[in-house]
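One structure is given here, and the rest of the page talks about it.
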2 protein chains.
Amino acid sequence: MISDDQNADGSDPASPRSQDDMVPTLEDVARRAGVSTATVSRCLNTPERVVSDTRKRVMKVVQELGYAPNFGARALAARRTNTFGAIIPTMENAIFARGLQAFQEELGLNGITLLVASSSYSPELEEAQISALIARGADALLLIGHDRTRQSYALLDRRNIPYVVAWVFDPEMPRLSIGFDNRKAMQGLAAQVLAEGHRRIGFISAERTGNDRARDRYKGVCDAMRAAGLDPDADLQLIETEYGIGKGAQAFEKLMAATPRPTVVMCGNDVLAAGALSQARRMGIAVPGEVSITGFDDVEIAELVSPALTTVHVPHREMGRGAARLLLALRAGEGTRESVELPVEIRLRETLGPAPGTA
Amino acid sequence: MISDDQNADGSDPASPRSQDDMVPTLEDVARRAGVSTATVSRCLNTPERVVSDTRKRVMKVVQELGYAPNFGARALAARRTNTFGAIIPTMENAIFARGLQAFQEELGLNGITLLVASSSYSPELEEAQISALIARGADALLLIGHDRTRQSYALLDRRNIPYVVAWVFDPEMPRLSIGFDNRKAMQGLAAQVLAEGHRRIGFISAERTGNDRARDRYKGVCDAMRAAGLDPDADLQLIETEYGIGKGAQAFEKLMAATPRPTVVMCGNDVLAAGALSQARRMGIAVPGEVSITGFDDVEIAELVSPALTTVHVPHREMGRGAARLLLALRAGEGTRESVELPVEIRLRETLGPAPGTA
DNA sequence: TGCGTCAATGCAAGCGCTTACATGCACCTG
DNA sequence: CAGGTGCATGTAAGCGCTTGCATTGACGCA
């Protein structure tokens with residue numbers, strides 16, 4: 001027979017193999033401490049509501065048993081998780097890593113756990129991740145940039161999940177955000193470049209679909225060119241590429257093959273710029289003598305490479321910390337509906353010089 | 001009366017304010033699709049067990065309602081989460097980021113979600129994180145290095161959570177691990193250094209308490225020195241410092257102030273080495289002419305800096321992917337009890353040269 | 001036509017916790 | 001000393017899901 005293994009023999013129906021691989025539950029603790037589960041729960045959550053004697057006894061048992069509350073059950077019963085989520089495009093990019101670290105530290109101070117997911121720059125994947133984080137009970141979400149599927153926003157709205165969009169500040173966007181104005185920042189840098197007499201500009205951009213930061217940075221360059229009476233269509237040479245030092249190097253090489261050669265190569269971020277720079281060295285092209293190079297973000301390598309990279313400094317840590325505070329306030333119902341614009345700073349270092357022949 | 005708000009008026013007992021801010025539940029879907037919750041559940045989990053007609057109807061409602069299963073409830077009922085956890089010392093270190101990315105990709109392929117936590121190199125914090133991840137139902141854990149509190153291991157054992165220790169391979173350790181032998185690797189590099197005639201060695205180490213990788217790397221240098229008849233106590237000058245380019249620079253400066261000066265500065269990782277290198281440039285010290293410098297890890301900047309860094313290449317991606325496979329196998333009950341040693345490779349680039357006066 | 005079979009679906013018992021409410025007890029007040 | 005007060009604790013009803021088992025009904029076969 002198949003079902004004769006039912007315990008018709010009167011053995012205890014609860015613990016199949018008592019201590020062994022059984023995870024202790026609240027009830028186990030309660031039983032062993034001689035109190036009710038409610039009391040144990042209170043010891044864990046609102047210790048001040050339990051008399052010291054009892055509390056000590058309970059905590060001792062908790063220790064002995066190595067009891068850890070089951071998060072799912074807890075979330076289910078309490079309807080909150082003290083968990084925030086963050087979805088970043090990739091962990092490999094230092095700028096997110098750093099901001100996230102600050103974000104997490106700030107949350108940790110407030111007893112909140114952070115769940116991190118990465119979307120690999122794919123809006124569809126991001127949608128899935130949002131869904132996953134919501135299902136996991138994230139009380140609030142940190143998102144990067146404004147670009148995402150309509151459904152993603154719909155989901156967020158329907159569930160009424162507080163979220164903040166970071167790494168960008170676009171005055172036109174209605175959503176709560178904290179960051180800087182990528183377009184304006186890049187425009188500022190480009191203005192400096194133009195002031196050095198450059199007229200033929202190469203631009204190495206990160207992929208712009210689904211990435212409003214990249215798009216805005218590109219637009220910023222165009223803005224500056226137009227302001228200087230140049231035509232981006234004619235005088236700007238664009239290469240779009242994936243993230244990575246090697247990719248930057250390849251793009252730079254391609255740009256150098258053009259005639260006439262650009263006298264400056266502006267890059268969408270420091271990593272691409274670092275790649276460009278190393279390629280320049282490899283090709284024996286003097287920087288900034290023959291060609292100037294600029295980056296964006298001011299990550300650690302910017303200062304490290306030689307010549308040191310002219311770039312735009314972005315306050316990653318403040319962004320992360322600020323985002324955490326915003327979210328915390330939102331969750332607490334304090335109506336911080338104001339987006340925050342953080343200042344960026346152009347760091348003129350060594351890779352930008354006057355256009356050849358200008359001097 | 002207090003309890004007169006019971007719905008004695010025959011109104012529906014379920015949805016207090018129907019669509020509004022109510023999150024749809026399985027039951028909502030079921031009701032609306034005219035099936036039982038069991039069927040909806042099956043549609044979501046084992047679609048092949050539901051006839052196509054019903055399934056379509058249900059899925060349509062799922063769409064309409066924007067239903068997403070409550071993870072906690074699901075975990076509670078199903079007793080598994082399809083979630084793995086990883087605890088890394090810090091997200092800011094590129095070597096972890098990269099390995100982790102690969103780890104995550106491999107898990108994603110298998111329908112598993114990754115939860116990441118960082119311990120900031122603190123064993124106590126790590127213990128808390130382990131506990132948190134377990135409570136969250138992590139089915140398996142990725143840990144870095146062997147150093148952790150006794151309680152951490154006790155916890156893992158008691159709960160019978162599969163875990164693998166990565167970034168290290170220590171033949172003496174009984175635990176399942178995947179990585180490389182830090183000690184042996186550094187010994188190999190140090191042997192090369194000694195072969196170049198260096199006798200006075202400066203060593204910039206990451207903090208060694210709670211970090212067996214750092215400790216092992218240090219030991220590796222000592223091993224090599226002893227093998228060459230040197231006395232580490234006399235001929236090795238050690239500085240221990242935090243992680244960061246700036247810290248590496250400071251340490252290098254301190255080392256250079258010593259008399260006699262070391263002729264080579266070996267660093268526990270590339271970031272410290274990069275800092276040392278930039279400080280050398282700042283101080284006008286020729287590398288490798290006056291002082292040689294070595295790193296460890298072979299992260300992207302190693303090749304980027306100039307002169308390019310001599311370092312030890314570590315297969316981060318393979319490590320991440322391998323760890324994922326190990327864990328997956330463990331969870332499936334396949335007894336992969338064999339630790340994996342991954343090969344490292346010494347990358348002789350430009351920062352290591354003969355000791356001055358040796359030529 | 002009657003019966004067995006089997007696929008599709010429903011029923012209902014929990015999973016481990018939190019918490020509103022009930023209970024019991026010590027102590028205080030008039 | 002009866003009755004009230006308030007604190008510490010217990011009782012038990014779910015939270016939203018999965019899943020073993022029961023039920024249903026369509027179909028094939030004798």
Side-chain angles (χ1 to χ4, degrees), chain A residues 1-7 13-16 22-31 33-58 62 65 67-82 134-137 159, chain B residues 1-7 13-16 22-31 33-58 62 65 67-82 134-137 159:
Chain A
M1 271 178 152
I2 295 173
S3 57
D4 67 350
D5 60 86
Q6 65 183 50
N7 67 325
S15 51
M22 269 300 70
V23 172
T25 70
L26 236 213
E27 196 177 340
D28 296 332
V29 177
R31 191 169 24 235
V35 298
S36 74
T37 60
T39 299
V40 179
S41 175
R42 280 190 280 260
C43 281
L44 265 23
N45 299 304
T46 49
E48 73 280 4
R49 305 206 40 197
V50 175
V51 89
S52 155
D53 236 29
T54 317
R55 197 189 327 144
K56 274 187 206 137
R57 186 153 38 96
V58 169
V62 166
L65 258 39
Y67 169 78
N70 176 310
F71 178 79
R74 174 177 272 190
L76 195 54
R79 291 99 166 297
R80 62 183 153 54
T81 60
N82 285 332
I134 290 181
R136 285 196 143 70
R159 304 295 276 261
Chain B
M1 269 175 151
I2 294 173
S3 57
D4 68 350
D5 61 315
Q6 65 183 50
N7 65 322
S15 51
M22 270 298 69
V23 173
T25 70
L26 236 212
E27 196 175 341
D28 296 332
V29 176
R31 190 168 27 235
V35 297
S36 74
T37 59
T39 299
V40 179
S41 174
R42 280 191 280 260
C43 280
L44 266 22
N45 298 306
T46 50
E48 73 281 3
R49 304 204 42 197
V50 176
V51 88
S52 156
D53 237 28
T54 317
R55 197 190 328 144
K56 275 188 206 134
R57 186 154 37 96
V58 170
V62 166
L65 260 39
Y67 169 79
N70 176 308
F71 179 80
R74 176 177 269 190
L76 194 55
R79 288 93 164 298
R80 63 185 151 53
T81 60
N82 286 332
I134 290 180
R136 283 198 144 70
R159 304 294 277 258

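Chain naming here is simple, since letters A, B, ... match the order of the sequence lines and numbering starts at 1 in each.
- Nucleotide C:dC17 holds its C1' atom 12 Å from the CZ atom of A:Phe71, rounded to whole Å.
- Between atom CZ of residue A:Phe71 and atom CG of residue B:Leu76 there is a gap of 12.0 Å, rounded to the nearest 0.5 Å.
- Defining each end axis of the helix from C:dT1-D:dA30 to C:dG30-D:dC1 as the rotation carrying four pairs' C1' atoms onto the next four, with five pairs an end, the two axes are found to diverge by 50° to 10 degrees.
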Heteroatom pairs (N/O) under 3.5 angstrom, protein to nucleotides 24-27 of chain D:
none

Check nucleotides 12-16 of chain D for protein N or O atoms closer than 3.5 Å to its own N or O atoms and list the pairs.
| from | atom 1 | to | atom 2 | distance (Å) |
| --- | --- | --- | --- | --- |
| D:dC15 | O2 | A:Ala77 | N | 3.4 |
| D:dG16 | N2 | B:Ala73 | O | 3.3 |

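- Scanning all heavy atoms of the two residues, the minimum distance from A:Arg74 to A:Pro69 falls at NH2-CG, 3.6 Å.
- Counting all heavy atoms, side chain and backbone alike, B:Tyr67 lies closest to B:Thr25 at CE1-C, 3.5 Å.
- Taking only side-chain nitrogens and oxygens, A:Thr39 never comes nearer than 4.0 Å to OP1 or OP2 of D:dT9.
- Contacts with DNA chain D (heavy atom under 4.0 Å) in residues 44-55 of chain A: A:Val50, A:Val51, A:Thr54, listed by number.
- Residues satisfying the side-chain hydrogen bond (donor to acceptor under 3.5 Å, both in side chains) criterion with A:Ser41, sequence neighbours excluded, are A:Asn45.
- Judged as a side-chain contact (heavy atoms from CB on, under 4.5 Å), and not counting sequence neighbours, the contacts of B:Ala78 are B:Arg80.
- Applying the side-chain hydrogen bond (donor to acceptor under 3.5 Å, both in side chains) test to A:Thr81 and every residue at least two apart in sequence or in another chain returns A:Asp139.
- Remark: A:Ala77 pairs with no residue by the side-chain contact (heavy atoms from CB on, under 4.5 Å) rule, at least two apart or across chains.
- Taking atom CZ of A:Arg42 as the reference point, atom C1' of C:dA22 lies 12 Å away to the nearest angstrom.
- Here the closest non-hydrogen pair linking B:Ser36 and B:Ala30 is C-CB, 3.7 Å.
- Neither OP1 nor OP2 of C:dC17 sits under 4.0 Å from any side-chain N or O of A:Ser41.
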Task: Residue pair A:Val58, A:Val29: steps toward the side-chain contact (heavy atoms from CB on, under 4.5 Å) verdict - done: CA-CA 7 Å; A:Val58 169; A:Val29 177; 4.3 Å; yes

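- Applying the side-chain hydrogen bond (donor to acceptor under 3.5 Å, both in side chains) rule to A:Arg31 yields the partners A:Asp28; only residues at least two apart in sequence or on another chain are considered.
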Ignoring hydrogens and angles, write down the donor-acceptor pairs under 3.5 Å from the side chains of residues 48-56 of chain B, residues two or more places apart or on other chains.
| from | atom 1 | to | atom 2 | distance (Å) |
| --- | --- | --- | --- | --- |
| B:Arg55 | NE | B:Pro47 | O | 3.3 |
| B:Arg55 | NH2 | B:Val50 | O | 3.3 |

